[in-house]
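Following: one structure in structure tokens, then a few remarks.
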Amino acid sequence: MAKSVVVVGGGTAGWMTASYLRAAFGDRVDVTLVESKNVSSIGVGEATFSTVRHFFDYLGLDEREWMPECQATYKLAIRFENWREKGKHFYHPFERLRVVDGFPLTDWWLHTKPGDRFDKDCFLIASLCDAKSSPRYLDGALFEQDFAEDGGDGRTFRTTLTEQSTQFPYAYHFDATLLAKYLTKYSTDRGVRHVLDDVLDVSLDERGWISHVVTKEHGELHGDLFVDCTGFRGMLLNQALSEPFQSYQDTLPNDSAVALRVPVDMAERGLRPCTTATAQDAGWIWTIPLFGRIGTGYVYASDYTTPEEAERTLREFVGPEAADLEANHIRMRIGRSERSWVNNCVAVGLSSGFVEPLESTGIFFIQNAIEQLVKHFPGAGDWSTLRHSYNRQVGHVMDGVREFLVLHYYAAARDDNQYWKDTKTRPLPDGLAERIEQWQAKLPDTESVFPYYHGFEPYSYTAMLLGLGGVPVQAPPTLALFDDSAATKELQLVRDQAEQLVSRLPSQYEYFAHLHGLPPEQRSTRVR
């Protein structure tokens, strides 16, 4: 049985790992985290999946307590701007589709075409995002929908990603550095040993397993299991254990980013409850609104532009607020280690794998890896079967996300320069071409999307196909034989419910100004 775990590397990945292991095992497993004072976190992963709530629930953390400490806000969707054509946007929301007479509402929308915005006609969340509404009322109650926040069954046990039976309507934006700081205190208060030191060497035994790591000031740190959270360096897994890296660059060429932290007056600007991805000439720019600043960055392919041009594009996009701000340039390693668990070393975070943050999957990958580590935690016998099962699941998750992201580019109608033209001619991951052909005749369902768990459901694929506009799709021909009155009524109900919610819910800024305890006169947005 592994009785001691050494986490090498801090940041979001390291402290999420340490805190989760402590929450899962208590003092039955010793956890040590060693991190350097001289290595800063990349910290661009400020947007998340809605499933991240399982992580905070598992740790017993109330969002009303941790969110103000991390300048966090709600994220109900991703807003895609200029992907179809310049001046057009659509939302990929955290909201499952309603079904009428056995067909998703998007099928009926294609059949009846009640408007030109599938997202506003078929989902409530698109209207909430356009209005910059909070998903919660000032008393903390969640907006009205078909969802019971506690599962509706009064359960007292904790849940994980793969047990999600419904779609929670929001995720979070947060300052990744502040979250790591918050989890540091959470972990050390519960007995995690925190070592601030540089790791100089990784020592292997005769089997090729990690015996210990050698630090500059604390000497040798021994453990039964080592977790590599050293980022793109992969100091343990890729360097010491020589595990090969499988690149995704042939299908996802964006390999660089430049980021800015932009202080802004949120009372003036308002807090849009979504991440925005704005297409550019060589990639896209993210905009993540926190309570007090904007996190923004340009993800680009270095084959199509230079770091200097990318930074200039980003500063022009942000405007005068970007003046004198220091830019953070990042070279990204896109792909995954062939195996994330080798011998007694498990890679979590960037050392395991990474794709561009287009769907906010970085922290999702971390959470999935930690949960699977707990579920596969080794005992006294042979670890090989557990390792194989773990590696298969983690590999499927990353490969599935890769396929979903490739669809974003292939299906985008935009083709106004060489970068966007090339997105239509690159090789596709195995199986995706066949699936796309199938979706042109019948929108995605559980039988036609990537067959293994990867965090995305068929409605996500449908939202992207309808929003991006570059792949022709059609309503099922059989709907011409149906009475569409029930579907027409449901489409009208979505519009009516959205209008009522927008009129009743506070703005996201008002909600968080209230949560932060600002005086009443400072809680309303000056421009909405």
If I take atom [atom1] from residue [X] and atom [atom2] from residue [Y], how far apart are they, to the nearest 0.5 angstrom?
| X | Y | atom1 | atom2 | answer |
| --- | --- | --- | --- | --- |
| Glu371 | Gln393 | CD | CD | 9.0 Å |
| Cys345 | Arg387 | SG | CZ | 11.0 Å |
| Asp228 | Gln239 | CG | CD | 8.5 Å |
| Cys70 | Phe291 | SG | CZ | 14.0 Å |
| His92 | Leu468 | NE2 | CG | 10.5 Å |
| Leu237 | Asn343 | CG | CG | 9.5 Å |

Salt bridge (Lys or Arg N to Asp or Glu O under 4.0 Å) contacts touching residues 210-219 (sequence neighbours left out):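 Output for this query is empty, none listed.
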Is there a side-chain contact between [X] and [Y] in this structure, where contact means two heavy atoms from C-beta onward sitting under 4.5 Å apart?
| X | Y | result |
| --- | --- | --- |
| Lys181 | Thr177 | no |
| Tyr91 | Ile78 | no |
| Phe404 | Tyr461 | yes |
| Leu428 | Val406 | yes |
| Tyr453 | His396 | no |
| Val34 | Leu221 | yes |
| Val52 | Phe364 | no |

Using the side chain to side chain contact (heavy atoms under 4.5 Å, CB included) criterion, which residues pair with Thr423? Sequence neighbours excluded.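 In terms of side chain to side chain contact (heavy atoms under 4.5 Å, CB included), with neighbours along the sequence ignored, Thr423 is linked to Tyr409, Tyr419, Trp420, Arg426.
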Taking [atom1] in [X] as the centre, count heavy atoms belonging to other residues, nucleotides or ligands within less than 6.0 Å. Is the count above 12?
| X | atom1 | result |
| --- | --- | --- |
| Lys424 | NZ | yes |
| Glu434 | CD | no |
| Arg207 | CZ | yes |
| Asp430 | CG | no |
| Phe377 | CZ | yes |

Does [X] come within less than 4.0 Å of [Y], counting only side-chain N to carboxylate O?
| X | Y | value |
| --- | --- | --- |
| Glu311 | Arg315 | yes |
| Arg293 | Glu321 | no |
| Asp30 | Lys3 | no |
| Asp27 | Arg22 | no |

Can a side-chain donor-acceptor contact be found between [Y] and [X] if the only test is distance below 3.5 angstrom?
| X | Y | answer |
| --- | --- | --- |
| His329 | Ser256 | no |
| Asn391 | Glu338 | no |
| Asp197 | Thr215 | yes |
| Tyr248 | Asp399 | yes |
| Glu356 | Trp284 | yes |
| Thr251 | Arg402 | yes |
| Arg336 | Ser247 | no |
| His173 | Gln71 | no |
| Glu309 | Tyr300 | no |
| Ser50 | Gln167 | yes |

Is the ring pair [X]/[Y] parallel, tilted or perpendicular, if the boundaries are 30 and 60 degrees?
| X | Y | value |
| --- | --- | --- |
| Phe354 | Phe232 | perpendicular |
| Phe456 | His454 | tilted |
| Tyr170 | Tyr172 | perpendicular |

Flag, side chain of [X] to backbone of [Y], donor-acceptor distance under 3.5 Å:
| X | Y | value |
| --- | --- | --- |
| Ser187 | Leu183 | yes |
| Thr32 | Val6 | no |
| Tyr298 | Ala282 | yes |

After noting the C-alpha distance and the side-chain angles of Thr287 and Thr276, does the key distance pass the side chain to side chain donor-acceptor pair (under 3.5 Å) rule? CA-CA 5 Å; Thr287 304; Thr276 301; 5.4 Å; no
Evaluate salt bridge (charged side-chain N to carboxylate O under 4.0 Å, His left out) for Asp198 paired with Lys37, printing each intermediate quantity in order. CA-CA 8 Å; Asp198 294 322; Lys37 293 177 287 189; over 6 Å; no
With sequence neighbours excluded, what pairs up with Tyr58 under the ring-ring contact (aromatic ring centres under 6.0 Å, His included) test?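 Listed in chain order: Tyr20.
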Quick one: side-chain hydrogen bond (donor to acceptor under 3.5 Å, both in side chains) partners of Glu243, sequence neighbours excluded? Arg339
Would you please name every residue forming a side-chain hydrogen bond (donor to acceptor under 3.5 Å, both in side chains) with Arg414, sequence neighbours left out? Asp281, Asp416
List the steps, then state whether ring pair (Phe, Tyr, Trp, His ring centres under 6.0 Å) holds for Tyr390 with Trp341. CA-CA 7 Å; Tyr390 178 93; Trp341 186 350; 5.5 Å; yes
Going through the distances and angles, do Asp62 and Arg53 end up as a salt bridge (charged side-chain N to carboxylate O under 4.0 Å, His left out)? CA-CA 10 Å; Asp62 188 321; Arg53 74 185 186 93; over 6 Å; no
Where do Glu359 and His408 land on the side chain to side chain donor-acceptor pair (under 3.5 Å) test, with the steps shown first? CA-CA 10 Å; Glu359 285 283 349; His408 289 50; 2.7 Å; yes
Evaluate the ring pair (Phe, Tyr, Trp, His ring centres under 6.0 Å) criterion for residues Tyr74 and Phe512: first the C-alpha distance (whole Å), next the side-chain angles of each, then the deciding distance (0.1 Å), finally the verdict. CA-CA 9 Å; Tyr74 292 133; Phe512 282 105; 5.0 Å; yes
Before you tell me yes or no, could you show the steps for Arg193 and Thr188 under side chain to side chain donor-acceptor pair (under 3.5 Å), namely the whole-Å CA-CA distance, both residues' side-chain angles and the distance that decides it to 0.1 Å? CA-CA 6 Å; Arg193 181 189 176 198; Thr188 54; over 6 Å; no
Set out, in order, the CA-CA distance, both residues' side-chain angles and the distance that settles salt bridge (charged side-chain N to carboxylate O under 4.0 Å, His left out) for Arg333 and Asp255, then state yes or no. CA-CA 7 Å; Arg333 186 179 71 158; Asp255 58 0; over 6 Å; no
Name all pairs fulfilling the ring-ring contact (aromatic ring centres under 6.0 Å, His included) condition that reach into residues 189-224, sequence neighbours left out, sorted by first residue then second. Trp15-His194, Trp209-Trp383, His212-His222
